[in-house]
J.: 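Can you keep this structure in mind? I'll have questions shortly.
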Amino acid sequence: MKLTLKIWRQDNAKTKGKMIDYPIDGIEGDMSFLEMLDVLNEELVAKGEEPVEFDHDCREGICGSCSLQINGEPHGPDRLITTCQLHMRSFKDGDTITIEPFRAKAFPVVKDLIVDRGSFDRIQQAGGYVSVNTSGNTVDANAIPVNKQNADDSFAAATCIGCGACVAACKNASAMLFTSAKVSQYALLPQGQIEATERVQAMVRQMDEEGFGNCSNTGACEIECPKGISLENIARMNREYMSATSKG
Amino acid sequence: MGGIIKSSVARKFAMALSGLFLVFFLLQHFTINFTSVISPDIFNELSHFMGNNFVVQALLQPVLIFGVIFHFIMGFILEIQNRNARGVGYKNYNGNANSSWMSRNMIYSGAVILAFLGLHFYDFWFPEISHKYIHGLPEDPTRYYEETIVKFKDLWRVILYVVSFIFLMLHLLHGFASSFQSVGFNNKYSKGLQGFTKAFAIIIPLGFIFIALFHYINQL
């Protein structure tokens, strides 16, 4: 397969970047998208040029590291997969593929296609946890009965890998799907009730302080999420937040 | 209020509530307007009631004006914040792949509706205020029908009305269902509710277009 790649190149957070064209040949349909970039980088290194920097780790869709905007969509044109699970068979010989970093003020570019998603960590640190008594008499979590539907919904919310595709896809660069998934996974369990009021307020406050946009319910985040996190989580977070705010 | 409106969730909640209030007003406005097609007498009676009832004029009208102003000011504030949140824009952004045109362009459909409100106020609200409060003319319960249909003699005005209501349809197609999501309503009834909101978003603006065309054609 012969392709033309249009890739965002940027030296560091302070410099301006630009799109650069890279023709590439010999790409197999069975290659993953990241393997295709590996091939490009080997060619660039052989020519003495700087390789294209991009985030990756597990390459099996569970770590949330890879973060590419491919042809205008986070993680490319296929659904319910991350960039590392995208294969070149999704493209045709002669295609031009644009590759950009996830764009948001709260995700500043570090270099080329790598963005700093520390803002997600700070939202998580603001309240995405339960305080557990570790003094020796900790109660086994399974000893507390949990409604099956709530357990399933909580598990589904917890499958969010924090990749940032929701922010990248949203026209407002809103982080509501991520934050609501993290709020929901605790809000649905009895263990999460004790800190529920403080949790949702603290996480929403941190989300706003990071500079993410407002949700306008376009639904782009849900469509592009590699884990299929549902918009129901945003509605739940809205209820939790307004309920917490009314309590003061 | 100043505290909670600082949060993105509260802003959306307030936006949704003001939107739902305006949808309710729209239904009431359409119901009264539609009587002009059925019976000039009923239209005159209802218009006289709305224009002279103390509760409507002194209590509901200020709430309505506040609702409209709040909705569009908040809409512009949210749009500015949302554009700032992106920072550097994409060279290639395929919004059609994951969201509807209506949902991504509420600011433009809203701006058209706002411009239409200017025309609507120029046509009806300002003359009404002038009649009642500036010139203090004697009340005539039979004047409303004639004063209304005369506006629809001009083709350009009818065209502006039709175009505006098409944009209202686009605005409602996303906004009405979206407001329920914003206030936290997303459950097994949501699909049915979405069907209702979509039907409402199409039928009510088409009804307004029908009324404008009806009076235009009748006066040819």
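Quick note on labels: first sequence line is chain A, next is B, and so on, each numbered from 1.
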J.: Looking at A:Asp208 and B:Ser7, would you say the former's side chain and the latter's main chain have a donor-acceptor pair under 3.5 Å?
T.: no
J.: At their closest point, which heavy atom of A:Asn172 faces which heavy atom of B:Arg86, and how far apart are they?
T.: N-NH2, 4.4 Å
J.: Identify which part of A:Asn71 has an atom lying under 4.5 Å from any heavy atom of chain B, answering side chain, backbone, both or neither.
T.: both
J.: Ion pair present between A:Lys171 and B:Glu79, side-chain N to carboxylate O less than 4.0 angstrom?
T.: yes
J.: May I ask you to list the residues in residues 168-178 of chain B that approach chain A closer than 4.5 angstrom, counting heavy atoms only, ordered by number?
T.: B:His174, B:Ser178
J.: Name the member of B:Gly89, B:Ser103, B:Ser190 that forms the most heavy-atom pairs with chain A at distances under 4.5 Å.
T.: B:Ser103
J.: By a 4.5 Å heavy-atom criterion (distance strictly below it), what part of B:Lys91 contacts chain A: side chain, backbone, both, or neither?
T.: both
J.: What is the minimum heavy-atom distance between B:Ala10 and A:Met242, and which atoms define it?
T.: CA-SD, 4.3 Å
J.: Check whether any side-chain heavy atom of B:Ser99 lies under 4.5 Å from a side-chain heavy atom of A:Ile223, and answer yes or no.
T.: no
J.: Which atoms of A:Glu232 come close to chain B, meaning under 4.5 Å heavy atom to heavy atom: side chain ones, backbone ones, both, or neither?
T.: both
J.: Given 3.5 Å as the limit, does a donor-acceptor pair link the side chain of B:Tyr93 with the main chain of A:Ala169, or not?
T.: yes
J.: Could you look at A:Arg79 and say if it's the side chain, the backbone, both or neither that has a heavy atom under 4.5 Å from chain B?
T.: side chain
J.: Stepwise, does the side chain to side chain donor-acceptor pair (under 3.5 Å) test hold for A:Glu100 with B:Asn92?
T.: CA-CA 8 Å; A:Glu100 295 174 79; B:Asn92 183 356; 5.6 Å; no
J.: Closest heavy-atom contact between A:Arg103 and B:Val88?
T.: CD-O, 3.4 Å
J.: Counting distance only, does the side-chain N/O of B:Asn82 pair as donor-acceptor with the main-chain N or O of A:Gly213 below 3.5 Å?
T.: no
J.: Answer whether the closest heavy-atom distance between the side chains of B:Ser8 and A:Met176 falls below 4.5 Å.
T.: yes
J.: Chain B heavy atoms under 4.5 Å from A:Leu231: which part of the residue, side chain, backbone, both or neither?
T.: both
J.: Need one label for A:Thr98: side chain, backbone, both or neither, based on atoms under 4.5 Å from any heavy atom in chain B.
T.: side chain
J.: Against chain B, label A:Pro108 side chain, backbone, both or neither, depending on which of its atoms sit under 4.5 Å from a heavy atom there.
T.: neither
J.: Looking only at non-hydrogen atoms, find the nearest pair between B:Val183 and A:Arg239 and report the distance.
T.: O-CG, 4.3 Å
